[in-house]
Amino acid sequence: MDYMDNIRNKLALLPDLPGCYLMKNQEGTIIYVGKAKVLKNRVRSYFTGSHNGKTQRLVANIADFEYIVTSSNMEALILECNLIKKHMPRYNVLLKDDKTFPYLKITNEAHPRLEVTRRVLKDKAKYFGPYPNSYAAQQTKKLLDRMYPLRKCGVMPKEVCLYYHMGQCLAPCEKEVPKSAYEEIIQNISSFLGGGHDAVKKDLQKKMQEAAEELYFERAKELRDQIQHIDAVMEKQKINTADTKDRDVFGYAVDKGWMCVQILYMRQGKMIQRHSSAFPFYGEAYSDFMSYVTQYYSDNPALPQEILLPDMATAGTLPPEAGSVSGEGSSGPAAGVMPSGQALMAALGAEDESEAAEPEGGAVEAPQEQEAAAEGTVDAAGGAAALQEWLGIKVHVPQRGLKKQMVGMACQNSRVALDEKFRLIERDEERTSGAASSLGQSLGLESLHRIEAFDNSNIQGANPVSAMVVFIDGKPARKEYRKYKVRTVQGPDDYETMREVIRRRYERVLKENLPQPDLIVVDGGKGQISSAIDILQNELGLYIPVCGLVKDDKHRTAHLLVGDSAEPVPLARDSQEFYLLQRIQDEVHRFAITFHREQRGKSMVTSKLDSIPGIGDKRRKLLLKHFGSLKKIKEASIEDFKVLSIGEKLAGQILEALKDEEPSL
């Protein structure tokens with residue numbers, strides 16, 4: 001019985017219950033985890049009807065599945081999140097680099113500190129955030145450090161430091177600081193981060209005027225700088241609501257198999273930041289979006305008072321009254337797409353009566369959600385209810401009013417971000433292929449489809465290597481990169497090294513009938529160009545154009561030389577053609593240096609172990625295979641060598657010989 005028969009039999013036995021399903025490939029690896037209100041309907045939908053390209057790719061790899069029944073949608077939501085974290089399935093939406101967000105923390109110590117952290121613990125400290133990126137958190141901390149003199153040091157020093165003399169520390173290391181002073185500072189920081197920075201600005205402006213009137217101009221300048229820093233870091237708020245609740249407003253959009261999720265952070269009723277994530281998705285759009293939201297809050301336990309989610313219709317189309325104009329402060333790919341507070345409030349007005357008439361759960365099933373429920377997927381109302389039960393805070397899917405339009409705004413920003421992503425890709429492709437074509441014209445070539453570039457690397461002739469990279473239509477083709485250990489050249493002879501590598505590469509091209517390049521690029525000037533042309537024309541009978549890239553005294557690409565006579569080619573330094581040449585030179589240099597470091601490291605390990613009496617080639621390989629590196633061998637105990645049948649005497653000799661080795665090896 002093949003795996004399709006097995007799947008058909010399992011499909012017939014699926015229950016009409018909520019739960020999670022785990023899709024597996026032929027190796028038994030879990031490749032996708034999903035949740036469903038009705039397992040029977042949802043799992044069957046994968047194997048019936050038509051799907052988009054990405055979902056077809058997922059289905060084509062399914063060879064088996066299993067499922068876990070839960071008693072509620074909430075349990076299914078949490079279980080899905082845990083299974084994704086455990087198995088990291090290939091086709092699931094995964095929170096990778098942005099799975100934890102930075103927070104500002106006032107530590108719970110006798111002498112508290114202000115720090116940036118990505119871990120929210122139950123340690124009685126005060127946390128503020130999350131911030132969309134580390135830069136935003138660090139800039140805010142830098143501002144607060146100037147304004148409020150909490151200690152900066154991790155370990156209390158023996159005497160006062162520079163921060164005390166700058167007025168940024170109370171010096172608890174040298175004098176007693178009353179608890180009331182810290183309480184006042186913490187209260188001021190909390191008020192500032194809670195949206196009270198306008199009051200702080202007014203107070204600073206008043207002090208600045210007083211200092212200026214009393215002719216304390218240096219003090220007045222310091223206060224003015226602090227006011228400017230507040231404006232720069234906190235910037236003007238983008239949108240206000242009538243209440244002062246902390247909210248996270250979610251929106252998403254999908255296109256060409258990609259999803260973009262936008263989170264608008266509202267603190268004290270004011271929109272202060274946003275975060276954007278774009279990633280490929282393979283399952284049903286709303287289910288994968290809810291999976292993202294669930295993972296987000298499982299890794300970020302500092303919760304707002306309310307979460308606003310879109311329904312399927314809002315994510316699909318933009319409400320006509322929601323708009324977006326240029327702004328600042330974005331960390332996502334659609335930087336600059338942010339609503340103006342005045343424009344939005346003029347369009348929306350205050351909280352209208354229809355908002356008050358919204359049901360407690362904020363969810364009214366739309367036709368799309370009724371279809372989703374029939375298919376067994378998690379709909380907006382069910383997902384919001386499950387999330388609310390799990391997190392213990394209000395989760396709304398608004399249907400009208402200001403909150404609906406805020407969600408629509410988040411969705412609009414998501415759509416703009418995706419559109420910008422694809423337009424940037426298209427523009428980059430056009431510019432890259434255009435640069436290659438223009439470079440070919442500058443060199444007098446009819447076409448410049450394939451470029452092969454070479455670079456040599458050695459240290460005073462030791463471990464000489466060379467590397468080749470390939471660019472096709474201006475883009476690196478990494479599968480065609482090649483590394484060369486130099487065999488015949490002794491000492492640091494760059495010309496002879498180039499001759500050997502060119503000979504080896506193009507002998508193989510001729511022998512195996514591989515594609516020939518339209519241009520060969522060597523790292524160097526006339527000597528390297530002449531060496532390459534001599535081998536190509538006089539030994540191999542190939543007439544491929546050769547050019548050289550010469551660097552300046554700062555090791556930057558300076559100019560291009562072509563042909564045996566090394567004629568310079570005039571290229572503007574700010575042109576796309578020159579930029580392409582820089583990329584090629586940097587890439588081949590990086591590739592060669594990386595290979596040289598690998599060989600040098602292996603050589604040093606080999607020579608050090610070979611110098612120990614009783615260690616031959618077989619034992620050296622055994623030691624490296626077992627311990628993994630010279631560093632691990634050095635850190636081992638004599639007992640650790642016994643599993644390799646190495647006695648105490650030889651083990652002692654090995655450890656003694658490696659005692660003075662650098663730890664990095």
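For this chain, numbers begin at 1 and follow the sequence in order. Predicted, not measured: the structure shown is a model, and the values here were computed from it.
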For the pair Lys403 and Glu306, find out whether any cationic side-chain nitrogen is under 4.0 Å from an anionic carboxylate oxygen.
-> yes
Glu452 meets the side chain to side chain donor-acceptor pair (under 3.5 Å) criterion, sequence neighbours left out, with Arg450, Arg505, Tyr506
Considering only heavy atoms from C-beta outward, does the side chain of Val254 approach that of Phe289 to under 4.5 Å?
-> no
Looking at side-chain heavy atoms only, is the closest gap between Arg8 and Phe47 below 4.5 Å?
-> no
If you take all heavy atoms of Ser45 and Arg42, which pair is closest and at what distance?
-> OG-O, 2.5 Å
Given side chains that start at C-beta, do those of Ile84 and Pro89 come closer than 4.5 Å, heavy atoms only?
-> yes
Does some side-chain heavy atom of Ile263 sit less than 4.5 Å from a side-chain heavy atom of Tyr296?
-> yes
When rounded to the nearest 0.5 Å, the distance separating CG of Asp64 from CG of Leu22 is 10.5 Å
Exercise: identify the closest heavy-atom pair between Ala417 and Cys260 = CB-SG, 3.7 Å
Please report the shortest heavy-atom distance between Ile7 and Ile62, naming the atom on each side.
-> CD1-O, 4.0 Å
Considering all heavy atoms, the nearest Ala253-Arg415 contact = CB-CG, 3.3 Å
Quick one: does Leu14's side chain get under 4.5 Å of Phe65's, heavy atoms only?
-> yes
If only atom types and distance count, is the side chain of Tyr265 paired as donor or acceptor with the main-chain N or O of His275 below 3.5 Å?
-> no
Of Ile68, Leu83, Val43, Val33, the one forming a side-chain contact (heavy atoms from CB on, under 4.5 Å) with Tyr21 is Val43
From SG (Cys81) to NZ (Lys35), nearest 0.5 Å = 9.5 Å
If we only count heavy atoms from C-beta on, is the Tyr67 to Lys10 side-chain gap below 4.5 Å?
-> no
Distance, nearest 0.5 Å, that separates CZ of Arg247 from CD1 of Ile393 | 11.5 Å
Could you tell me whether Lys404 and Asp311 make a salt bridge, using a distance below 4.0 angstrom between a side-chain N and a carboxylate O?
-> yes
Ignoring hydrogens and geometry, is there a side-chain-to-backbone donor-acceptor pair from Thr294 to Met290 under 3.5 Å?
-> yes
Taking atom CZ of Arg590 as the centre, does the number of heavy atoms from other residues, nucleotides or ligands within less than 6.0 Å exceed 12?
-> yes
For Asp16 and Lys40, run salt bridge (Lys or Arg N to Asp or Glu O under 4.0 Å): C-alpha distance rounded to whole Å, both residues' side-chain angles, the deciding distance at 0.1 Å, then the answer.
-> CA-CA 6 Å; Asp16 287 323; Lys40 180 172 70 175; 3.0 Å; yes
Got a second to check how far Met23's CE is from Ile31's CD1, nearest 0.5 Å?
-> 8.5 Å
Over all atoms of both residues, closest heavy-atom pair of Thr107 and Ala125 = CA-CB, 4.1 Å
Check Cys20 against Ala76 and note the closest heavy-atom contact, atom names and distance.
-> SG-O, 3.2 Å
Sorted by chain and residue number, the ring pair (Phe, Tyr, Trp, His ring centres under 6.0 Å) partners of Phe279 (sequence neighbours excluded) come out as Tyr292
Flag, side chain of Thr29 to backbone of Asn25, donor-acceptor distance under 3.5 Å = no
Does Lys141 reach the main-chain N or O of Leu104 with its side chain, forming a donor-acceptor pair under 3.5 Å?
-> no
When rounded to the nearest 0.5 angstrom, what is the spacing between CH2 in Trp258 and CG in Leu418?
-> 9.0 Å
Main-chain N/O of Met88 paired with Asn92 side-chain donor or acceptor, under 3.5 Å | no
What distance separates Tyr579 OH from Arg583 CZ, expressed to the nearest 0.5 Å?
-> 5.5 Å
Passes side chain to side chain contact (heavy atoms under 4.5 Å, CB included), Ile307 versus Phe250? Steps please.
-> CA-CA 8 Å; Ile307 298 169; Phe250 283 84; 3.9 Å; yes
Note, Tyr297 side chain near Pro304 side chain (heavy atom, < 4.5 Å) = yes
Report yes if the side chains of Met409 and Leu264 come closer than 4.5 Å at any heavy-atom pair, otherwise no.
-> yes
Go through the structure and list residues passing side chain to side chain contact (heavy atoms under 4.5 Å, CB included) with Asp288, not counting sequence neighbours.
-> Tyr32, Val93, Met259, Phe281
Donor-acceptor pair, side chain of Gln262 and main chain of Ser276, under 3.5 angstrom = no
Please check if the side chain of Ser438 supplies one atom and the backbone of Ala435 the other of a donor-acceptor pair under 3.5 Å.
-> no
